[in-house]
Protein chains: 2
Amino acid sequence: MHLLVSIKMNEKTLAPSPFICGLDATLHVVGGKWKPLILHFLAGGSLRYGELKRSVRGISHKMLIQQLKMLERDGVVSRTDHGEIPPRVDYALTPLGHSLCEALRPLCSWGDQHTETIAAMLEQREA
Amino acid sequence: MHLLVSIKMNEKTLAPSPFICGLDATLHVVGGKWKPLILHFLAGGSLRYGELKRSVRGISHKMLIQQLKMLERDGVVSRTDHGEIPPRVDYALTPLGHSLCEALRPLCSWGDQHTETIAAMLEQREA
DNA sequence: CTGTATCCCCACGGATACTG
DNA sequence: CAGTATCCGTGGGGATACAG
């Protein structure tokens with residue numbers, strides 16, 4: 001009895017983890033509709049803004065810029081402006097970004113394996 | 001030369017894949033803020049509505065019901081109403097759901113490994 | 001306890017125009 | 001080509017009340 005009593009407090013008044021689990025934490029970084037896709041296409045190597053725009057089909061100009069900024073701020077993507085004219089800007093994954101992308105791969109495979117099934121779902125949704 | 005010419009068309013006027021890649025397809029199923037978390041907590045076995053509500057901390061009543069319906073419709077989650085009073089309803093992963101959850105695991109691990117880093121990000125965002 | 005139905009706000013996100 | 005700024009609609013999603 002009296003097991004686990006009196007847990008040592010941290011210095012900073014014990015800030016409880018803001019996440020309910022690891023997955024939750026991850027989603028704070030790659031949550032949303034576009035971020036995973038952006039990372040996915042950067043996995044093959046650095047891309048210019050335009051290339052990225054064309055790769056992530058359907059994304060709007062505004063969204064791409066915005067999401068890239070977030071990803072850069074979070075240390076997942078790096079941005080290098082070559083200071084040329086016309087502008088030439090490359091986006092690439094940081095080491096952290098690569099590791100995250102790695103964790104994303106199973107989701108890609110899963111999607112590949114079930115594309116048919118999922119496509120069928122979408123049609124059924126409208127009905 | 002003339003490689004890959006004259007690709008055989010499908011019967012149904014060749015409906016081009018609605019997805020830009022496997023990952024995109026996956027996101028049509030577990031996209032959004034809550035679905036991944038719901039699946040994650042169901043991975044340990046079936047849960048009642050209330051248990052799920054408490055597990056996925058922060059989710060609203062409306063959202064949980066709504067997302068569960070979608071997951072059920074998409075064949076990822078199964079719902080069993082025991083027809084009792086008071087009501088007793090269990091939610092569980094289907095085989096498809098389990099495979100998807102499996103693909104989600106690396107994201108959990110990634111989050112676990114970088115919790116500190118991510119927590120730091122969040123604070124920096126406000127600044 | 002589980003689920004349905006409303007009200008309602010805000011921010012997500014698209015379209016467009018403009019700058020360097 | 002890359003990026004910023006603005007306008008503006010839609011719907012995501014919370015709070016609440018109610019039913020079985």
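Each chain gets a letter, A, B and so on, in the order the sequences are listed, and its residues count up from 1.
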Comparing nearest nucleotides in DNA chain C, the 5'-proximal residue of the pair A/Met70, B/Arg88 is B/Arg88
Can you confirm whether B/Arg57 is buried at CZ, in the sense that more than 12 heavy atoms of other residues, nucleotides or ligands lie under 6.0 Å from that atom?
no
Rounded to whole angstrom units, what separation is found between the CG atom of B/Asp81 and the P atom of C/dT4?
11 Å
Quick one: B/His61 NE2 to C/dT6 C1', roughly how many Å, whole number?
13 Å
By the 4.0 Å heavy-atom rule, please label B/Lys69 as base, sugar-phosphate, or nothing.
sugar-phosphate
For the pair made of NZ in B/Lys53 and P in C/dC1, what is the distance, rounded to whole Å?
11 Å
Note: B/Leu100 and A/Leu107 closest approach over all heavy atoms is CD1-CD2, 4.2 Å
Length of the line joining A/Lys33:NZ and D/dG13:P, which is rounded to integer Å:
12 Å
Taking the side chain as everything from C-beta on, heavy atoms only, tell me whether B/Phe41 gets closer than 4.5 Å to A/Ile20.
yes
I want to verify a distance call: between C/dT4, D/dG13, C/dC1, whose nearest atom is closest to the B/Ile65 side chain?
C/dT4
Whole angstroms only, please: what is the CD1-P distance between A/Ile85 and C/dG20?
11 Å
same_hphob_cluster(B/Leu68, B/Val29) at 4.5 Å side-chain heavy-atom cutoff
yes
Could you state the CG-P distance from B/Leu64 to D/dG12, rounded to the nearest angstrom?
17 Å
With nearest nucleotides of DNA chain D determined for A/Val89 and A/Lys62 from heavy-atom distances, which residue corresponds to the more 5′ nucleotide?
A/Val89
If you assign A/Pro86 and A/Ser60 each to the DNA chain C nucleotide with the nearest heavy atom, which residue ends up on the more 5' nucleotide?
A/Ser60
Nucleotide D/dA15, atom P - distance to CD of B/Gln66 in whole Å:
15 Å
Counting only side-chain N and O atoms of B/Arg48, is one of them less than 4.0 Å from OP1 or OP2 of C/dC1?
no
Any side-chain to backbone donor/acceptor pair from A/Thr26 onto B/Gly111? Under 3.5 Å, distance only.
yes
In whole angstrom, give the distance that lies between atom OH of B/Tyr49 and atom C1' of D/dG20.
15 Å
